[in-house]
There are 2 protein chains.
Amino acid sequence: MSKQSTKKPCDSMPVKLNADPTEEAFAKLAWAIAHPARVQIMRLLIGREACVCGEIVDCLPLAQSTVSQHLKILKESGLIQGEVDGPKICYCINPDKLEQLKTLVAGL
Amino acid sequence: MSKQSTKKPCDSMPVKLNADPTEEAFAKLAWAIAHPARVQIMRLLIGREACVCGEIVDCLPLAQSTVSQHLKILKESGLIQGEVDGPKICYCINPDKLEQLKTLVAGL
DNA sequence: TTCCTTTATCGTTGATCTGCGATAGGCGAT
DNA sequence: ATCGCCTATCGCAGATCAACGATAAAGGAA
C-alpha cells in the first residue's frame, strides 16, 4: 500500500481554519505536561491525593528551586492547586482541569 | 472547606519514583502538540485524512518554512507521517501514535 | 535540457525554558 | 523575640524554540 488507493489524498477546498481560541488553551495544557518532571509530579499527585512540596522534591532528582518552578508552572496551568498548611504547602490535582485535558485529547 | 477534613492531606511514606522511561515518551508526545499551530495541523489532518503541505501552509498564518518546521516536529514525534506524491508531500495522521497519546493521557 | 512548482534545510535573531545556588519570607516551636 | 524549617523567588548560565527570509533539492512539464 505504498500508493494510495481509496482515500482521495490531497485536494479539496482549502479549509481556512478559524483561529479557535481552543487551540491556545489546548496547547497550554499540553505544554504543562510536556516535561518528564511535570509528568512525574502529576502522576505522583494523582496517586496520592495530596503531597507536600518537600516530599515531591525528595522524589525527584532535581533541586528544590527547580521543583518549585515546575510546581508553579503546573499551578499556573490549573492542573494542580496548592493549599497552605502551616509552614508547608499541600499540592493536589485539580480534577476539573485534568478532565478538561483528557477531554481535549480524547476529542482529537 | 478551607480546612481539609476527610482526606489525609500530607504525610505517607515517600514513594520514590522510579525513572520510568514512559515519562519521557509521554512528555515528548505532549510537547509535540504543545503549540497552537501544531494543534491546528493535527486537527486539520484528522478532519481531512490527508493533505499536502501547501494547503496546510495556506490554512495557517505562518511562513512556509515555519510550517515545514512544525511538520518536521510532528513527524519526528511519530504523530504524523509524510508520503511523497510526485513533487508534493502528502501528510496524514499516524493512528497508532495518536491512540498511544490518547491512552497515555486517559491513563493519568 | 530548461523552466516551474513544491518542499526541506540553512542561518540568524529574539524569546523562552531549564537548571542551579543563594536569598527572602512565612510559620510554628522554643 | 529568636531560632529553625519549609517554600517561593531572584539572578544567572546554557540550551532550546519560534519565526522568518533566502536558498537548495527534487520532480513534472514544456
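Throughout, protein chains are lettered first and strands after them, A, B, ... in sequence-line order, and every chain is numbered starting at 1. Keep in mind that this is a model prediction, so the values were computed, not measured. Computation of the quantities below employed the complete heavy-atom set of this structure, encompassing side-chain atoms and omitting hydrogens, waters and symmetry-equivalent molecules.
Contact record, B/L62 with B/V57: O-CG1, 4.3 Å, taken as the closest heavy-atom pair. Closest non-hydrogen pair, B/L29 versus B/S77, comes out as CD2-O, 3.8 Å. Between A/Q81 and A/I93 the shortest heavy-atom distance is OE1-O, 4.2 Å.
Side-chain contact between A/L71 and A/C53 is present, with heavy atoms from C-beta onward closer than 4.5 Å. At a threshold of 4.5 Å between non-hydrogen side-chain atoms, the residues B/K75 and B/Y91 count as touching. The side-chain heavy atoms of B/I73 and B/W31, taken from C-beta on, include a pair separated by under 4.5 Å.
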Q: Using a 4.0 Å cut-off on protein heavy atoms (strictly under), produce a 5'-to-3' string for nucleotides 16-28 of chain C with B for base contact, S for backbone-only sugar-phosphate contact, and - for none.
A: -SSSBBB----S-
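When the C1' atom of C/dT6 is taken as reference, atom CG of B/D85 falls 12 Å away, rounded to whole Å.
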Which atom pairs, one a donor and one an acceptor, fall under 3.5 Å between side chains of residues 94-108 of chain A and the rest of the protein, sequence neighbours left out?
residue : atom : partner : partner atom : Å
A/N94   : OD1  : A/D96   : N            : 3.2
A/N94   : ND2  : A/G78   : O            : 3.2
A/K97   : NZ   : A/Q100  : OE1          : 3.4
A/T103  : OG1  : A/E99   : O            : 2.8

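We find that B/K28 and B/E76 are not joined by a salt bridge, their nearest charged nitrogen and carboxylate oxygen being 4.0 Å or further apart.
Counting 5' to 3', DNA chain D first comes under 4.0 angstrom of a heavy atom of chain B and last does so at the ends given by D/dC17 to D/dG28.
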